[in-house]
There are 2 protein chains.
Amino acid sequence: MRRDVFQAIADPTRRAILTLIAFQAMTPNALAEHFGSSRQAVSKHIKILAECELVRQEASGRELYYHLNPNKMKELDSWLQPFRETWEGRFNQLDNILDNLKTK
Amino acid sequence: MRRDVFQAIADPTRRAILTLIAFQAMTPNALAEHFGSSRQAVSKHIKILAECELVRQEASGRELYYHLNPNKMKELDSWLQPFRETWEGRFNQLDNILDNLKTK
DNA sequence: TATATTTGCAACTCAATGGTTGCAAATAAT
DNA sequence: ATTATTTGCAACCATTGAGTTGCAAATATA
């Protein structure tokens with residue numbers, strides 16, 4: 001199964017995990033406690049996030065701490081970039097021209 | 001079924017549709033022709049994109065033209081914003097401080 | 001008017017997703 | 001050494017996902 005960041009952030013729980021560990025590295029148990037669900041459910045989410053390198057693991061004894069890898073988020077940002085240029089209005093003038101051509 | 005932009009862009013076909021119609025409004029048949037798949041498959045994707053307002057429809061006779069709604073992409077951008085601040089290195093100094101505390 | 005084109009809706013299949021429980025391995029605490 | 005804690009793996013279940021085909025409705029064309 002191919003993993004990519006787009007699929008990874010599709011799940012609201014995974015987005016919440018990313019937000020949490022961006023603030024502070026956490027163990028799977030701590031995360032499971034924070035959400036209502038089981039540890040295994042969280043671990044599955046983490047596995048998906050780790051497969052596409054959005055999180056990194058750091059072992060400390062028998063505990064695992066999950067860190068955010070913010071660099072990987074750049075993939076999202078890169079995909080968004082051309083659209084951002086559009087909504088920031090840089091092409092508004094072009095839109096107007098096209099609209100005028102249509103209505104005339 | 002709740003639709004949000006994160007789930008909408010999780011599918012690679014839907015991302016491709018968004019990129020295509022950002023350049024030029026297209027009909028479902030034209031989109032289906034562009035991809036290998038059937039018109040109904042494309043229409044299903046469009047339905048999902050329309051439900052979360054990423055695309056708008058414009059009827060012209062029996063044909064439907066799909067337009068991108070770039071404003072809706074801002075939701076993605078907003079979610080990404082705090083992470084962007086991180087990878088842009090604004091917190092690098094803080095990271096270094098924390099690393100130093102750990103290793104000492 | 002009769003035919004062709006464009007689309008929507010419903011039913012169906014198959015694979016993937018998110019969740020659970022149970023058990024084993026590894027590490028920490030008593 | 002024994003017990004408790006933390007995690008990973010496997011099996012299983014219910015729901016959703018993306019895709020298909022078939023048919024009906026609406027619009028254009030002959």
Side-chain angles (χ1 to χ4, degrees), chain A residues 1-21 24-69 76 79 102, chain B residues 1-21 24-69 76 79 102:
Chain A
M1 21 180 145
R2 289 214 63 58
R3 302 285 184 201
D4 60 53
V5 287
F6 297 96
Q7 200 221 344
I9 64 157
D11 185 87
T13 302
R14 284 197 287 272
R15 289 199 300 280
I17 289 174
L18 290 174
T19 303
L20 276 173
I21 66 174
Q24 186 178 23
M26 293 178 83
T27 65
N29 269 335
L31 285 167
E33 210 171 303
H34 187 272
F35 302 104
S37 75
S38 69
R39 171 188 62 84
Q40 290 86 344
V42 169
S43 283
K44 277 194 175 184
H45 284 306
I46 292 281
K47 192 177 181 181
I48 290 170
L49 292 170
E51 276 174 8
C52 62
E53 298 179 289
L54 277 168
V55 308
R56 291 174 290 113
Q57 303 187 359
E58 186 194 3
S60 166
R62 69 184 162 186
E63 288 180 331
L64 276 179
Y65 286 91
Y66 296 113
H67 300 259
L68 177 69
N69 178 16
L76 287 170
W79 183 77
K102 259 189 244 170
Chain B
M1 23 180 144
R2 289 215 60 61
R3 302 286 184 200
D4 59 54
V5 288
F6 296 97
Q7 200 221 343
I9 64 156
D11 185 87
T13 303
R14 285 198 286 272
R15 289 198 300 279
I17 289 174
L18 289 175
T19 303
L20 277 173
I21 66 174
Q24 185 179 23
M26 294 178 82
T27 66
N29 269 333
L31 285 167
E33 211 170 304
H34 187 273
F35 301 105
S37 74
S38 69
R39 171 188 62 84
Q40 290 86 343
V42 169
S43 283
K44 278 193 175 185
H45 284 306
I46 292 283
K47 193 177 180 181
I48 290 170
L49 292 170
E51 276 174 7
C52 62
E53 299 178 290
L54 277 168
V55 308
R56 291 174 291 112
Q57 302 188 0
E58 186 194 2
S60 167
R62 70 183 161 187
E63 287 179 331
L64 275 179
Y65 286 91
Y66 296 112
H67 301 258
L68 177 69
N69 178 15
L76 286 170
W79 183 77
K102 258 190 245 168

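Proteins come first, then strands; the chains are lettered A, B, ... in the order of their sequence lines, and each starts at number 1. Below, all heavy atoms of this structure are taken into account, side chains as well, without hydrogens, waters or symmetry copies.
- The side-chain contact (heavy atoms from CB on, under 4.5 Å) test applied to Ala32(B) returns Arg39(B), Val42(B), not counting sequence neighbours.
- Atom-to-atom, CD1 of Ile48(A) to P of dC9(D) comes out at 14 Å; the value is rounded to the nearest Å.
- By the ring pair (Phe, Tyr, Trp, His ring centres under 6.0 Å) test, Tyr65(B) pairs with no residue at all, sequence neighbours left out.
- With rounding to whole Å, Glu51(A) atom CD is found 10 Å from dT17(C) atom P.
- The OH-P distance, from Tyr66(A) to dT6(D), rounds to 13 Å in whole Å.
- Considering only residues two or more places apart in sequence or on other chains, Asp11(A) meets the side-chain contact (heavy atoms from CB on, under 4.5 Å) condition with Thr13(A), Arg14(A), His45(A).
- Taking 4.0 angstrom as the limit, Asn29(A) places a side-chain polar atom (N or O) nearer than this to OP1 or OP2 of dT7(D).
- In this structure, the side chain of Asn69(B) engages the main chain of Glu53(B) through a donor-acceptor pair within 3.5 Å.
- Qualifying side-chain contact (heavy atoms from CB on, under 4.5 Å) partners for Ala30(A), counting only residues two or more places apart in sequence or in other chains: Met26(A), Thr27(A).
- Per the geometry, CG belonging to Leu31(B) stands 10 Å off P belonging to dT7(C), to the nearest Å.
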What pairs of nitrogen or oxygen atoms, one from the protein and one from nucleotides 27-30 of chain D, lie under 3.5 Å apart?
| residue | atom | partner | partner atom | Å |
| --- | --- | --- | --- | --- |
| dT27(D) | O3' | Arg62(B) | N | 3.4 |
| dT27(D) | O2 | Arg62(B) | NH1 | 2.8 |

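- Atom CD1 of Ile21(B) sits about 7.0 Å away from atom CG of Leu31(B), to the nearest 0.5 Å.
- Put simply, CD on Gln57(B) is 10 Å from C1' on dT7(C), counting in whole angstrom units.
- In this structure, Glu63(A) has no salt bridge (charged side-chain N to carboxylate O under 4.0 Å, His left out) partners at least two apart in sequence or on a different chain.
- The stretch residues 11-19 of chain B has no heavy atom under 4.0 Å from DNA chain C, so no residue of it qualifies as close.
- Note that CD1 of Ile9(B) and CD1 of Ile17(B) are 13.5 Å apart. Values are rounded to the nearest 0.5 Å.
- Using five terminal pairs a side, the axes of the helix from dA15(C)-dT16(D) to dT30(C)-dA1(D) at its two ends make an angle of 0°, given in steps of 10 degrees.
- Inter-residue side-chain proximity for Leu76(A) and Trp79(B) is flagged as met; some heavy-atom pair is nearer than 4.5 Å.
- Residues from residues 39-47 of chain A placing a heavy atom under 4.0 Å of any atom in DNA chain D, listed by number, are Arg39(A), Gln40(A), Ser43(A), Lys44(A).
- When all heavy atoms of Leu54(A) and Ala8(A) are compared, the closest pair comes out as CD1-CB, 3.8 Å.
- For Glu33(A), there are no salt bridge (charged side-chain N to carboxylate O under 4.0 Å, His left out) partners at least two apart in sequence or on another chain.
- Following rounding to the nearest Å, Gln7(B) (CD) and dT17(C) (P) show an atom-to-atom distance of 12 Å.
- Contact between the side-chain N/O atoms of Ser38(B) and the OP1/OP2 oxygens of dT20(D) is found at a separation under 4.0 Å.
- With sequence neighbours left out, Ala50(B) forms a side-chain contact (heavy atoms from CB on, under 4.5 Å) with Val55(B).
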